[in-house]
Amino acid sequence: IIAILGSLAAGTIAFFVGRIKAAKEHSIETLAVRQELSQRLGELLGLQELSLMLSDSLELDRIVDEVVGHVRSFVDADGVLLALADEDNGDAMHVASADGSLSDLIGQNITQTDAGLLGQAQTEKHIAVSHIEDGMSCEMIAGSGVRTCAAAPLEAHGTSSGVLAVVRDHQTPFTPEDLRQLSTVATHAAIALQNAKFFDLIRTGKEQWEATFDSLANGIAVIDDENTIRRANRALAEMVSQPITGIIGDDICSTVMGESPELEEHFERERGEMNPEPFCQQTELHDLTLRISASPMPGVGDGWLVVQIEDVTERTAMEAQLIQSEKMAAVGQLVSGVAHDLNNPITAIAGLADFLLSQESTPEHDKDHIEMIHQQSERAAHIVRNLLTFARKDPVETGKADLNDITQRALDLIHHEMKLTEVELEVNLEEDLPVVRGDRYELQRVVLNLLTNAVQALSNNSPEQPRVVSLSTVSRKDSVSLLVTDTGPGIDRELLPQIFLPFVTTKAPGEGTGLGLSIAYRIMQAHEGSIAAESGPGGGTTFTVSLPLREPADEEPVLAKRQQSDSSSVSQQKGSILVVDDPAVQQAIRMLFSKDGHAVDATRDASQALALLADNYYDLIIAEATSTDSMGRQFADALSNDRPDLVAKTIFITADVRKDTEEWLQELDCTFLRKPFDPNELRAAAVKILGS
């Protein structure tokens, strides 16, 4: 029994000892599990904290600093480094952030040949580990030796962002747990870095797009299917004189054009893919001429359009001015030819009428009729002279010109007429107006024409309507201007674009030739200035004359050379005269000089004229000369080449207004007159030659 009891006691003790030993081993295992579980929870909490921090920021610099700080906290390391790949050269890197023993490497560039362990991790796309014992070291990058190093590539979405590395200065290698945690952090960091780069790319693109959108000179708007402005740029806001926020949500038609069914129809046609021509129209709402085009905006919404609005006010005005200039040039050529053909008969009519009036044998009862013929021929000559002024492009006689003085002198000339027609005058001339360069006589002609037109326009006003002419001068940055405004009935909108064309007039038939404004236009064009007309719907017209500011020349204007000879009777110097011209002009000149006792021979043929000169002596030669006419040119060239002694005693008369004819005559260094000429003017030129 004692043996059995002893055996049972020994078994029982062994059993309990075993149980106690097993329980102790289980407790140790449980503690290890708990410790591992606690470590895993710590890692998860750390990763969660890192994820929250990374997701909370899309700034690249902050992300790299957060990653480096997290790794240093959770991995037993003496130094942490994060190198980012170069976007232009994927094989190169630069240290974006570092901590601990590696903090001195921040900002260092790493080339492919200097990459070391970092380059290995980036190239092989997995964690690279190096552990050197016995006091040796490995190169993390060229020139940077460490005892223990682990580098993990930052890979996400198939793109490498760089490398995350940790180092230890002692011999303890990194455990698998360390490497696993480093790899996990590297994966999270790579995703965050890629998101930051994508966001930065999108933000940069958005900023560039918005900057481009706002910097465009043309107005741009995005409108929905109801023509509501959803987005607009700065140019459009400035065009309609409102802030950008003030037009968002407004109807584009009413904002830009006011009520415009035509523009609404244009947008509908665009939505219907009919590709209409750009809409171009003047808007009274903003006093602009706008060119509007639109195109569908796919991927946003049905009926959404991108609208481009271009301010073409200045371009339209320039195009209109160019068309006007081309019209004027064409009419000038026509006028030149017509004036040339009219000059000879007008010269003959005026000369013969003057001759008949000077004859004592002319019956008195016929002189009234002849006087009427003479007056009407003078009127025709005046019209032709205006035509010639319009057609010729003479150089401007430039000199100092004071627009205030020119205006005042023109007022002195028309003051009496304004007083008779009871026109009230308002004058506001700017003091110290800059002096410009120009022909003051031609400019005075322009001002006088505008004043005369204003007075005539006011004559149609009823007694209760005001009759006021306002004049004002103003200086601008690069020009000086004169504004002439009247309170007359105004000019029809349809007629306004044609007002500077020849023969266009608002006056009743017989009251004007329609050449005044066209001549004024030509004068201002020769001065490199401008003249414009503006008439309001309620009546009244404003003409604006502008001259460019240029440094005045020191010299006074050189007046055109005129015949200043004594116009006493040519009969005091009797002589023989040869006339080479049209038969009708021959007759007029023959009568003009024959009555004073001169012997006059006449011919139309240049060869016959040269033959007469070879056989006879003449004290005076009067010949038609035109550079493009074979007869006139042949005779003049023959005199110049073969008988230069006769050039000084020759008066050339020309009906041609072309510039090359005048230049040709000036080269001959001779006396010349333009048709239709005044008989007294021809007499004065003859006196000078015969008297010498």
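Throughout, numbering of the chain's residues begins at 1 and tracks the sequence.
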TODO: Check step by step if side chain to side chain contact (heavy atoms under 4.5 Å, CB included) holds for Phe279 and Arg291.
DONE: CA-CA 6 Å; Phe279 178 85; Arg291 184 178 186 270; over 6 Å; no
Open item on the list: Under the criterion side chain to side chain contact (heavy atoms under 4.5 Å, CB included), I'd like the reasoning laid out for Arg230 against Ile248: C-alpha separation, chi angles, the key distance, then a yes or no.
Closed with: CA-CA 6 Å; Arg230 295 302 186 93; Ile248 301 299; 6.0 Å; no
Open item on the list: Between Val167 and Thr148, does the side chain to side chain contact (heavy atoms under 4.5 Å, CB included) criterion hold? Intermediate values first, please.
Closed with: CA-CA 5 Å; Val167 298; Thr148 302; over 6 Å; no
Open item on the list: Working note: Asp225 + Arg271, criterion salt bridge (charged side-chain N to carboxylate O under 4.0 Å, His left out); need CA distance, chi angles, decisive distance, verdict.
Closed with: CA-CA 9 Å; Asp225 56 347; Arg271 291 185 179 101; over 6 Å; no
Task: Candidate pair Asp311 and Thr289, rule side chain to side chain contact (heavy atoms under 4.5 Å, CB included), full reasoning - done: CA-CA 6 Å; Asp311 181 2; Thr289 300; 5.6 Å; no
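Taking the side chain as every heavy atom from C-beta outward, Val80 and Leu164 approach each other to under 4.5 Å. The shortest side-chain heavy-atom distance between Val480 and Val474 does not fall under the 4.5 Å cut-off. Annotation: side chain of Phe174 is not in contact with side chain of Leu182 (no heavy-atom distance under 4.5 Å). Met239 places a side-chain heavy atom less than 4.5 Å from the side chain of Leu288. Side chains of Asp178 and Arg168 form a contact here, defined as non-hydrogen atoms less than 4.5 Å apart. Within the 4.5 Å cutoff, no side-chain heavy atoms of Leu201 are placed close to those of Thr204. Between Gln281 and Leu290, the closest side-chain pair of non-hydrogen atoms is not below 4.5 Å. Under the 4.5 Å side-chain criterion, counting only non-hydrogen atoms from C-beta, Thr542 is not in contact with Val484.
Judged by distance alone, the side chains of Thr544 and Glu534 never bring a donor and an acceptor atom under 3.5 Å apart. Ser470 and Thr485 form no side-chain donor-acceptor contact under 3.5 Å, judged by distance and modelled atom types alone. If you check the side chains of Ser161 and Gln194, you find a donor sitting under 3.5 Å from an acceptor. No side-chain N or O of Arg493 forms a donor-acceptor pair with one of Ser535 less than 3.5 Å apart.
Residue Asp76 holds its CG atom at 13.5 Å from CD of Glu177, rounded to the nearest 0.5 Å. In this structure, Glu268 CD and Leu263 CG are separated by 10.5 Å, a value rounded to the nearest 0.5 Å. Remark: Ile229 CD1 to Ser254 OG distance equals 7.5 Å, nearest 0.5 Å. If you take CG on Leu547 and OG on Ser530, they are separated by 8.0 Å, rounding to the nearest 0.5 Å. To the nearest 0.5 angstrom, Asn227 atom CG is 7.5 Å from Leu305 atom CG. Between atom CG of residue Asp492 and atom CD1 of residue Ile499 there is a gap of 9.5 Å, rounded to the nearest 0.5 Å.
Closest approach of Ile63 to Leu193, counting heavy atoms only: CG2-CD2, 3.7 Å. In this structure, Ile252 and Ala221 approach most closely via the heavy-atom pair CD1-CB, 4.0 Å. Here the closest non-hydrogen pair linking Gly490 and Thr541 is CA-OG1, 3.3 Å. When every heavy atom of Pro276 is checked against every heavy atom of Glu270, the shortest pair comes out as CD-OE1, 3.4 Å. Residue Ala232 comes nearest to Ile244 through the heavy atom pair O-CG2, 3.7 Å, listed as atom of the first residue, atom of the second, then distance. Across Cys149 and Leu117, no two heavy atoms sit closer than the pair SG-CD2, 3.3 Å.
Proximity of a side-chain donor or acceptor of Thr184 to a complementary backbone N or O of Arg180 within less than 3.5 Å is detected. The main-chain N or O of Ile292 is never found under 3.5 Å from a side-chain atom of Glu310 such that the two would form a donor-acceptor pair. Between the side chain of Thr228 and the backbone N or O of Asp224, no donor-acceptor pair lies under 3.5 Å. A donor-acceptor pair under 3.5 Å is formed between the side chain of Thr187 and the backbone N or O of Ser183. Proximity of a side-chain donor or acceptor of Thr473 to a complementary backbone N or O of Glu430 within less than 3.5 Å is detected. Not a single donor-acceptor pair under 3.5 Å links the side chain of Arg231 to the backbone N or O of Val222. Thr123 places no side-chain N or O within donor-acceptor distance of the main-chain N or O of Gln120, the cut-off being under 3.5 Å. When atom types are taken as modelled, the side chain of Asp200 and the backbone of Lys197 share no donor-acceptor pair closer than 3.5 angstrom.
Contacts of Glu155 classified as side chain to side chain contact (heavy atoms under 4.5 Å, CB included), with partners at least two apart in sequence or in another chain: Lys125, Pro153, Ser160. For the side chain to side chain contact (heavy atoms under 4.5 Å, CB included) test, residues two or more places apart in sequence or in another chain that qualify with Ser472 are Asn428, Leu483.
Between Tyr521 and Phe500, the ring planes lie tilted relative to each other; the angle falls in the 30° to 60° range.
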Donor-acceptor contacts under 3.5 Å from residues 95-110 side chains, at least two apart:
unit_1 : atom_1 : unit_2 : atom_2 : d
Ser97  : OG     : Asp65  : OD1    : 2.8
Ser101 : OG     : Asp78  : O      : 3.3
Ser103 : OG     : Gly100 : O      : 3.1

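Around the CD atom of Glu124, the shell of radius 6.0 Å holds more than 12 heavy atoms that belong to other residues, nucleotides or ligands.
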